[in-house]
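Step one of this worksheet: look at the structure below.
What you see is a predicted model; the values in this text were computed from it and never measured.
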Amino acid sequence: MKIVSMHIYGYGQLENIQIDNLADFQVFFGENEAGKSTIMSFINSVLFGFPTKQQAELRYEPKHSTKYGGSIRIFHEEFGFAVIERVKGKAAGDVKVNLDNGTFGGEELLKNLLGNFDKGLFQAIYSFNIHGLQNIHQMKGEELGRFLFSAGTLGTERLAKAEAELQKELDSRFKPGGKKPPLNEKLHELHEINGELKNAAAKVKEYEPLIEKRERFLQESEKINQELADVHQQSEKLTEWKRVQSFVKEEKLTLNELEELGQIQFPVRGLERLQQLNQLILPHKAELVSMEERMKKAKLDLVELEPDESLAKDEPVIVNLLNQIPVLEQLTLEKGQYEQKLAHLEKELAVINEKLHLPLNEEDILAINTNIYMKKQVEDISRRGQKLLETKADHDHLLQEEKNALELMEKEVQLTSSLCLPKQERALLEEQVQGNDKRSLEEELRTIRDKRGFYQHSLELEQASRTRIKQQFFTIELILIGLTVYGALTKQWILMFLGFGACVVFAVFMFQNLKNSKQKETNRRLEDLKKQETRIIEKLQSAANLDIEMAEEKLKRDNLRIEQLQVMKVKLEQQQAQLQRAMDKLEIWEQESNDHRKALLMIGNELKIPEYMAASFLLEAFGQIEKFKEICREKHQLLEKIANINQQQKQITDELKYYENRYLSEKGLDLHKTVYLLKKKLEEEQEKRIKLRERRAKFLEMESDLQQKNKEQEQLEAEYIKLLGEANVETSQEFYELGEKAERRSELLDKLESLQGRLQFSILSKEECEHYLHIHNWDDLIEECQQRSRQLQARLKELQEAQAKVKVEIGLLEEGGTYSEILHLYKQKKFDLEEMAKEWAIYSLAQHILLETVEKYKSEHLPRMLEKAEEFLEFLTSGNYQRIHPHPIGIGFLVERKDHTLFEANELSQATTEQLYVSIRLALAITLYEKYQFPIIIDDGFVNFDAARTQRVIELLKSLGQKQILFFTCHQHLLPLFPKENIIQLDKGAVQIIS
């Protein structure tokens, strides 16, 4: 993924900032508070969300703008170009993602683009700064190795912190030889309680019989208490019967009388209801007659108040028309303002016409093309013309300088050429020096004499060798001839033929050897050397009278002048080429000037301005034409508004005249009087309608009341008949007689209810009451119950005393705590120990899993990362450190120097440690996270490096061509290391490219 451009709407001090065409290696330079940290935070916020108010990170909300957020355009290897926009909204902001293929989305699409990276992991892998190096400065010993290993795993020290925190948690809970950790304390307490438990177990034999005895006493006591409760309950029931016997007898008599009366069918409160109905029916009839008379009079009033229906229909239109009278006055005022503004615009158009002085009317000028493309062309061609004028002066100055330099160079060449020797004189001197060089001749003579001695010695050796070979040949030949003769004499033919063949072959070999002798060649060379020796001796004798040294000096000086002449000729050719290039540039300028003149003429034709004006005042003329068109458009708008106002005024006045002729008796009135009379007419009609509505409402209310009264009268008569029917009688006299019997039955029922209410809370049931009605000696029974209760209480007191004695004996055995209590305490302490041990085991298991994960990482992923880190480290240290090995024990690294010496991280120098950290961080991003092509963000991460180390680390970053680098710095001495077009300068909210 590559960031192509950024548009900051509002973020911190940056507002409406556009940064385009970001390079693969982009440098952001600025002093403190120029906005470097703001841009880095902006990139993280747009990609991963704004920091929430609960987080410690700065939110960079702008102080002087309501816009918060911005957009970033990226190129993604899979999805192509995309724009990510995040603005103020929910906690992390509202995000929109637009792909160039037309796909839109939000957070889900953004997660796909970012490969589900979160902000913490992105900053750990692809963003590092001086704070990472400061962590290195603060670490010593084994901590440094753990930190570097963690940086090679996650990009930060989180792995090292996690391992250290786990170990700290384990040590805080248990140490093998410790006393203060909680697990050690629990083990000591459990050991002491175990001793107490063993002592308590010895007393169990005496303790258990007393416990059994106490249990027997408790059971007997419970049995007596139960019997005592039964006796007490029997006594209470007898006492209660003594209290309620009169109520029970009276209840029985009331029930007998109710049975004699039997069931009576009579309405509830029948007599009272009948009297109430008689009191209501007669007044209702009188009221009905009065209401009917009032309704007749109300009908006559309604006929008199009927309104004008046609005016009622037109009332909304007339009211709306009257409401437009203020609008009519406002339109008159606006019309006057528009007419004043129109006159002012006419004056401005006249001024522009005088400035342009073109034979064009308003329609012709409006037809001129002044779109943004034409404006861009005018601005470009104006800038190009200004640039051509500046370039022409530069070319003229350069051409004059090159001509002067060429003339000076030609004079120097002529002067140097005149100082050189003529060809004939130089040839004579060369011949004298070459042919009569005494020292060289003597040296050549010695060489020839040495060669003669060598060949003479070789000739003598060859002659001696030939003599020795001939002697050997004759000896071998005699032996072979003797062997042949011996074979012939002894008739050993094979031996004879072998001897003869060998003799022939050896003779041929010797003949060839003597024939190929080098003696003739050696003699010939000796003769040649002798002739050369004679010739050189003659030269030495003739060169005695020549001044060789003077000739050599002349030739040396002439050689120097010739060399100078050659150099000057080369410089002359270069100067001629430079002059030609200057002339070529001038020709190119003339061609560009012609093209510019043609383009200027074409633009002038399109803008309908003469050539002289286009050549000198094109941009100003375009501005005046653009302003003329803008004023014309404003003028036309004003004319349209004035026409609309005239039309609206005419429409309102015409409608008012129409309604005046239709509803007013007076005609030909002025506008204000017509409005006044129409308003008065409407108010009168409105008042009549209000009165009509009130009278109609009252009439309807009266009609409704009459209907209601009729219904009430009918209902009262129906209830009267119904009440007689409920009592199953036909006359009111029969109804009253039946009512008296019903009242007596009601009294008896009330009495029965009162008696039953008194008996309701008695502890005696109905069956018990029936039983006690036949018992007459209940006083004796009460006395017997009391006597039995006293006997049981005496026995209970004896048992309580015995229980107290047993309790004292048990207490003596339980002075140090009972066995069960100590056992309970022992199990509780053991449970607490097991729970704490579980917590300790969780942390131990987490540490074990972490170490196993680290080991798996070391065996599977770490080698590939270390291979790339070694390559980077060797480059950064100029080959002084070449290998990085995982530490064989635990977490950390061993670094191998070029002499194969191994160092732990804490043994390296500070600068080398920083280079190792940089190598590991870059290798992590290149190898393990190679499929995520995020840009690498560096914030002054190398300020502690010297010039040489800084140069190498910048070269290393430039070599990472597959990833974009965003480098933020406030150090100006680093800028020469980068191309100028790759540097963006930040200056307190402003952004510009250094050129």
Side-chain angles (χ1 to χ4, degrees), residues 386-451 528-597 976 979-980 995:
Q386 184 63 30
K387 190 173 181 180
L388 283 172
L389 291 175
E390 295 172 357
T391 307
K392 178 64 165 61
D394 294 340
H395 288 341
D396 291 341
H397 180 69
L398 179 62
L399 182 62
Q400 187 60 40
E401 286 183 348
E402 298 298 340
K403 284 181 179 179
N404 294 337
L406 181 62
E407 291 176 358
L408 183 60
M409 189 64 66
E410 288 176 347
K411 291 178 181 179
E412 290 179 357
V413 170
Q414 290 176 2
L415 179 60
T416 306
S417 178
S418 64
L419 294 176
C420 293
L421 293 174
K423 291 183 179 180
Q424 294 179 354
E425 184 178 353
R426 178 177 176 82
L428 182 60
L429 290 173
E430 287 178 348
E431 184 179 356
Q432 288 176 359
V433 172
Q434 293 175 0
N436 299 305
D437 190 351
K438 186 177 180 180
R439 285 191 297 274
S440 62
L441 290 174
E442 289 175 351
E443 183 66 28
E444 188 176 357
L445 182 60
R446 282 194 298 273
T447 303
I448 291 173
R449 286 177 178 173
D450 290 340
K451 288 183 179 180
D528 292 340
L529 290 172
K530 187 175 181 181
K531 291 179 182 179
Q532 291 179 11
E533 182 179 2
T534 304
R535 181 173 55 81
I536 290 172
I537 291 172
E538 291 176 355
K539 283 186 178 182
L540 282 172
Q541 291 174 355
S542 63
N545 298 324
L546 295 175
D547 192 356
I548 303 302
E549 293 182 358
M550 186 180 294
E552 288 178 349
E553 185 64 27
K554 287 183 178 181
L555 284 174
K556 190 181 292 185
R557 288 198 300 270
D558 193 55
N559 287 335
L560 290 174
R561 293 192 182 99
I562 292 173
E563 290 177 1
Q564 292 177 357
L565 183 62
Q566 294 298 328
V567 171
M568 289 182 179
K569 287 183 178 179
V570 172
K571 290 182 177 179
L572 181 62
E573 292 176 358
Q574 292 177 351
Q575 188 61 38
Q576 290 173 345
Q578 290 180 0
L579 179 61
Q580 185 61 40
R581 284 196 293 272
M583 296 174 68
D584 292 342
K585 288 182 180 179
L586 192 59
E587 291 178 0
I588 293 171
W589 179 88
E590 291 178 353
Q591 181 63 37
E592 290 179 352
S593 180
N594 292 331
D595 295 342
H596 172 69
R597 192 176 297 107
K980 289 185 178 180
S995 58

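For the side chain to side chain contact (heavy atoms under 4.5 Å, CB included) with Glu412, the qualifying choice from Lys571, Met568, Gln564 is Met568, the only one to do so.
The shortest heavy-atom contact between Leu565 and Cys420 is CD2-SG, 4.4 Å.
Once rounded to the nearest 0.5 Å, the distance linking NZ of Lys569 with CD1 of Ile562 reads 9.5 Å.
Taking the side-chain contact (heavy atoms from CB on, under 4.5 Å) definition, one finds that Pro979 meets it with Glu981, Asn982, sequence neighbours left out. Here Lys387 pairs with Thr391 under the side-chain contact (heavy atoms from CB on, under 4.5 Å) rule; sequence neighbours left out. Residues forming a side chain to side chain donor-acceptor pair (under 3.5 Å) with Gln591 (at least two apart in sequence, or on another chain): Asp595. The salt bridge (Lys or Arg N to Asp or Glu O under 4.0 Å) check on Arg561 picks up nothing, with sequence neighbours excluded. For Asp396, the salt bridge (Lys or Arg N to Asp or Glu O under 4.0 Å) criterion is met by Lys392, not counting sequence neighbours.
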Below 3.5 Å, can you tabulate the donor-acceptor pairs from side chains in residues 399-406 to any protein atom, sequence neighbours excluded?
unit_1 : atom_1 : unit_2 : atom_2 : d
Gln400 : NE2    : Asn404 : OD1    : 3.2
Glu401 : OE2    : His397 : NE2    : 2.5
Glu402 : OE1    : Gln575 : NE2    : 2.4
Asn404 : ND2    : Gln400 : O      : 3.2

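Gln580 and Asp584 are linked by a side-chain donor-acceptor pair at a separation below 3.5 angstrom, with hydrogens and angles left out of the test.
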